[in-house]
Protein chains: 2
Amino acid sequence: MILDGKKISEEILLEVKNKVYDLHLSLAVIQIGNDQSSNVYINQKKKLCNILNIAFIHHKLDLNISEKEVLKLIDVLNEDQTTGILLQLPIPNHLDTKKIQNRINYKKDVDGLNNINVCNLINNKPGIIPCTAKGIMTLLNKYNIKVAGKNVVVVGRSNIVGKPISNLLLNSDATVTVCHSKTKNLAYFTKNADILIAATGKKHLITNSMVKEGAVIIDVGINKIDNKLYGDVDFEKIKNISSYITPVPGGIGPMTIASLAENLYDAYILQQED
Amino acid sequence: MILDGKKISEEILLEVKNKVYDLHLSLAVIQIGNDQSSNVYINQKKKLCNILNIAFIHHKLDLNISEKEVLKLIDVLNEDQTTGILLQLPIPNHLDTKKIQNRINYKKDVDGLNNINVCNLINNKPGIIPCTAKGIMTLLNKYNIKVAGKNVVVVGRSNIVGKPISNLLLNSDATVTVCHSKTKNLAYFTKNADILIAATGKKHLITNSMVKEGAVIIDVGINKIDNKLYGDVDFEKIKNISSYITPVPGGIGPMTIASLAENLYDAYILQQED
């Protein structure tokens, strides 16, 4: 059975739209340089804001900008009426990603990557949750797939996906294994997973011999090769073995966008408390 | 082979003693109420400070003290000459543990439990690491037991042990599985572990049928029953199956104390940077 991220995300966007349409929210996206993938992702965010009637402000900064200048911009956005601030990754190497993310007011941190939100997630306290991880949990939830007590294997340990989804799953009582590029015998772990989450950025890393019959397969990969999108999972070979599987595109991608919409509303609510 | 935490901890204490003896460092321990186990642990810390020539200040506060009063004390300790501040757990339910831990200046947070140190650990950046987790890594390291690429199973997901050791192991390229009270078929996971770390507080939860021949067994449990100490691992039954195993007492307990000594020195160094 296909986990239809596109359909579920549309339902969520409609819900969020009803809540935010008249609130005059705004999203500031900070891009540094002109990365081509970033341009695509930023365009998706712009479209999202159009749908939700959220003002979209694109700060496209020079590749050689100093850290001080970036921090100064964030200080301004922290203080003004901006609802959400998002640092589009990757940023150039001369800048400290964590330092910049931590400068964003945690109540405007719609990516959920600043230390306060990261720690809230670890401590199982309310906060803003990274979009992709949140989207995965929402999708599982919408299809009534329980994670408590399940053997969940996460392949990938990035700060953006692997680590936050592992913590969310642990908070929801899953038994969680984190695999990565240094894991020996990856198939041993994936073959025993009740739920397998692949977030590696390696086209078709997960093949049919690596999954258990009846497993739930979540594919976070978006690998663009010769203008075509591929997941981390070999969908065609696995779809008949698994009980549920996300397609690429149309799976976790749109769920990530829907989570950003939810995070913008959550940020607004948090700021209302002040 | 026994992993002799007592011997290794003595070596570490000697090293730290040579560095700190003439520095006039100080440790403030905040205890709220009169928990009997806390009294024992605080006494160990007092002895440690005597050995290292570190001033030991015990703030024993009333069980009914307000959060505001506790925070006020921490504000004073943050500003004065105190090197390390430690909130002895558990504290009464009317107080917010995380809020109080986060009030401690992260450079004096010798327990490594405030958000900044927790996030530094997750982001694999330098910081103060929770004592027990640090002690486990040091012990493995001293016996030249490599974790990279190993299947490491951690039983327990506490903020004090389970979560920090999992993150440390992940940073060191282990494949990490976190099991806990809601895990189904715990033995399936433990039986396949190259390295098994038990931190549950349940006497002899891990029995001989649950471990793989030749595995490394780390027992964090300190369960006092009828005035006798028991680990989470059934040591007598497992010692001949495992390749390495920590005893209780004399394993991770003394390593935790040794790590506190190291953290006090690290805190001093961090404060020197100001």
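In the text below, chain A, chain B and the rest are named by the order of the sequence lines, each starting its count at 1.
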Check whether A/Lys184 reaches the backbone of B/Lys150 with its side chain - one donor and one acceptor, N or O, closer than 3.5 Å. no

How about B/Asn144 and B/Lys142: does a side-chain donor come under 3.5 Å of a side-chain acceptor? no

Assess, by modelled atom type and distance only, whether the side chains of B/Asn223 and B/Asp232 contain a donor and an acceptor separated by less than 3.5 Å. yes

Give, as side chain, backbone, both or neither, the part of B/Ile122 having an atom under 4.5 angstrom from any heavy atom of chain A. both

Greater than 12 external heavy atoms within 6.0 Å of B/Gln272's CD: yes

Only pairs of heavy atoms separated by less than 4.5 Å count here; which of B/Asn151, B/Thr183, B/Val176 has the most with chain A? B/Val176

If we only count heavy atoms from C-beta on, is the B/Leu205 to B/Leu186 side-chain gap below 4.5 Å? yes

Among the listed options A/Val152, A/Asn192, A/Val153, A/Asn159, the residue most often paired with chain B at heavy-atom distances under 4.5 Å: A/Asn192

Could you please state which residues from residues 162-175 of chain B sit under 4.5 angstrom from chain A, measuring non-hydrogen atom to non-hydrogen atom, sorted by number, or 'none'? B/Lys163, B/Leu170, B/Asn171, B/Asp173, B/Ala174, B/Thr175

Quick one: does B/Thr190's side chain have a donor or acceptor within less than 3.5 Å of a partner on B/Met210's backbone? yes

Please check this pair: side chain of A/Lys237 against backbone of A/Thr207, looking for a donor-acceptor N/O pair closer than 3.5 Å. no

Ignoring hydrogens and angles, write down the donor-acceptor pairs under 3.5 Å from the side chains of residues 113-121 of chain B, residues two or more places apart or on other chains.
residue: B/Asn114; atom: OD1; partner: B/Ile116; partner atom: N; Å: 2.9
residue: B/Asn114; atom: ND2; partner: B/Ile104; partner atom: O; Å: 2.6
residue: B/Asn117; atom: OD1; partner: B/Ile128; partner atom: N; Å: 3.1
residue: B/Asn117; atom: ND2; partner: B/Tyr106; partner atom: O; Å: 3.1
residue: B/Asn117; atom: ND2; partner: B/Asp109; partner atom: OD2; Å: 2.8
residue: B/Asn120; atom: ND2; partner: B/Ile116; partner atom: O; Å: 3.3
residue: B/Asn120; atom: ND2; partner: B/Pro126; partner atom: O; Å: 3.4

Pair count under 4.5 Å, heavy atoms only, with chain A: among B/Gly149, B/Ser181, B/Ala148, highest is B/Gly149

